[in-house]
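No hydrogens, no waters, no symmetry mates; every other heavy atom, side chains included, goes into these values. Numbers restart at 1 for each chain; the letters A, B, ... are given by sequence-line order, proteins then strands. Values in this document were obtained by computation on a predicted structure and should not be read as measured data.
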Protein chains: 2
Amino acid sequence: MHTPDLDRLDVAILSCLQADARTIAESIGAKVGLSAAAVQRRIKRLREAGVIEREVAVLSPQALGLTMTFVVMVEMERESLAVLDGFRRQVLADDNVQQCYYVTGNADFVLVVTCRDMAGFEAFTRRMFFDNPNVRHFTTSVAMDRVKTGLTLPLEP
Amino acid sequence: MHTPDLDRLDVAILSCLQADARTIAESIGAKVGLSAAAVQRRIKRLREAGVIEREVAVLSPQALGLTMTFVVMVEMERESLAVLDGFRRQVLADDNVQQCYYVTGNADFVLVVTCRDMAGFEAFTRRMFFDNPNVRHFTTSVAMDRVKTGLTLPLEP
DNA sequence: GGTGAAAAGATCATCCT
DNA sequence: AGGATGATCTTTTCACC
């Protein structure tokens with residue numbers, strides 16, 4: 001993915017859409033000083049260029065009974081490609097893993113995990129860590145508050 | 001937020017919408033065995049109940065030139081309510097902070113930060129940490145790979 | 001929860017600068 | 001080339017069953 005030829009208008013449009021993907025083209029146009037049709041065309045381009053990856057519904061974890069969030073730092077036994085790739089696949093397949101980053105430093109992976117309750121998290125640690133001989137160590141932090149739940153990217157340098 | 005009265009149909013609808021918020025009611029209806037109008041009505045209810053918090057466009061960090069992602073653990077000087085709240089506000093106001101969790105354990109906050117480059121991250125650490133006497137210590141992990149970038153919540157227990 | 005008409009929005013071709 | 005205008009189709013919305 002390359003060529004980010006984005007002018008101020010594009011940025012303004014993206015800013016609207018990442019706040020609310022259902023904002024109609026007319027409103028966006030009024031805000032940025034463009035006709036509705038022009039806005040639509042730009043949106044189409046932005047979608048095709050992959051700048052807008054997709055449009056999704058953000059669900060309330062609370063409403064779904066997922067009241068607990070954890071941040072888990074995972075350290076692997078040996079950092080072989082096979083081991084890392086295996087864990088990666090496991091992470092992608094597990095619905096309780098909301099996010100996963102492969103990082104430098106002491107830990108190898110940082111996971112954000114949502115669970116219904118502590119029992120759910122225990123079950124998660126079992127299948128994810130204890131049943132996996134490649135996991136050397138993991139450190140759990142319980143999230144007391146989701147201060148910011150990231151979806152919006154900074155559009156201006 | 002309460003009332004989680006979600007039947008299988010609701011869950012199926014939510015599953016479609018969190019994958020693609022632009023899925024039209026007709027397609028969803030065909031998939032779950034409901035008329036388009038019925039699907040729309042349920043979606044409206046889910047929105048009003050707050051189960052669907054919002055619908056957003058997911059933008060490509062790469063296309064926006066935000067090639068670097070960091071996971072930062074932050075430890076505050078004193079855990080007074082005023083200090084924590086001040087930092088919270090700072091985090092919410094900073095566009096480079098994609099996510100922030102207030103957690104138990106050694107660290108007080110876990111941040112996911114996106115930046116254009118290392119210089120951008122340095123500027124970030126300055127305004128966020130070095131210029132803040134309440135920050136005792138922070139540990140940075142550079143994300144080499146975003147294995148999973150969380151938007152989908154597990155809908156089935 | 002289903003059906004059908006009306007309203008709203010997106011899409012496309014065309015013209016304009 | 002990029003942006004405005006108007007016809008047309010799709011999708012949502014709402015009354016009613």
Tell me the interatomic distance from A:E26, atom CD, to C:dA10, atom P, rounded to whole angstroms.
9 Å
Name the closest nucleotide to the B:K44 side chain, picking from D:dG2, D:dC14, D:dT11.
D:dC14
List the steps, then state whether ring-ring contact (aromatic ring centres under 6.0 Å, His included) holds for B:F109 with B:Y101.
CA-CA 6 Å; B:F109 292 97; B:Y101 301 93; over 10 Å; no
Indicate, with a heavy-atom threshold strictly under 4.0 Å, whether A:A37 touches base, sugar-phosphate, or nothing.
base
Assign B:A25 to base, sugar-phosphate, or nothing according to its heavy-atom contacts below 4.0 angstrom with the strands shown.
sugar-phosphate
Nearest-angstrom distance from the residue atom CZ of A:R8 to C1' of D:dG2
16 Å
N or O in side chain of A:R22 less than 4.0 angstrom from D:dT12 OP1/OP2
no
To the nearest angstrom, the CD1-P distance between B:I28 and D:dT11 comes to 12 Å
Find the distance A:L46:CG to C:dT11:P and express it as a whole number of Å.
13 Å
Are A:L34 and A:L14 co-members of a hydrophobic cluster defined by side-chain heavy atoms under 4.5 Å apart?
yes
Closer to the 5' end of DNA chain D via nearest nucleotide, is it B:A36 or A:R42?
A:R42
Return yes if the base of D:dA4 and the side-chain atoms of A:R41 contain a donor-acceptor N/O pair under 3.5 Å, otherwise no.
yes
Can you identify which nucleotide, out of D:dT12, D:dA4, C:dA10, has its nearest atom closest to the A:L34 side chain?
D:dA4
Taking the six-membered ring for Trp and the single ring otherwise, decide whether the centroids of B:F124 and B:F70 are under 6.0 Å apart.
no
Taking CD from B:Q40 and P from D:dC14, how many angstroms apart are they, rounded to a whole number?
10 Å
Less than 4.5 Å apart, side chain to side chain, heavy atoms only: is that true for A:I52 and B:L59?
yes
When the distance from CZ of A:R45 to C1' of D:dG2 is rounded to whole Å, what number comes out?
7 Å
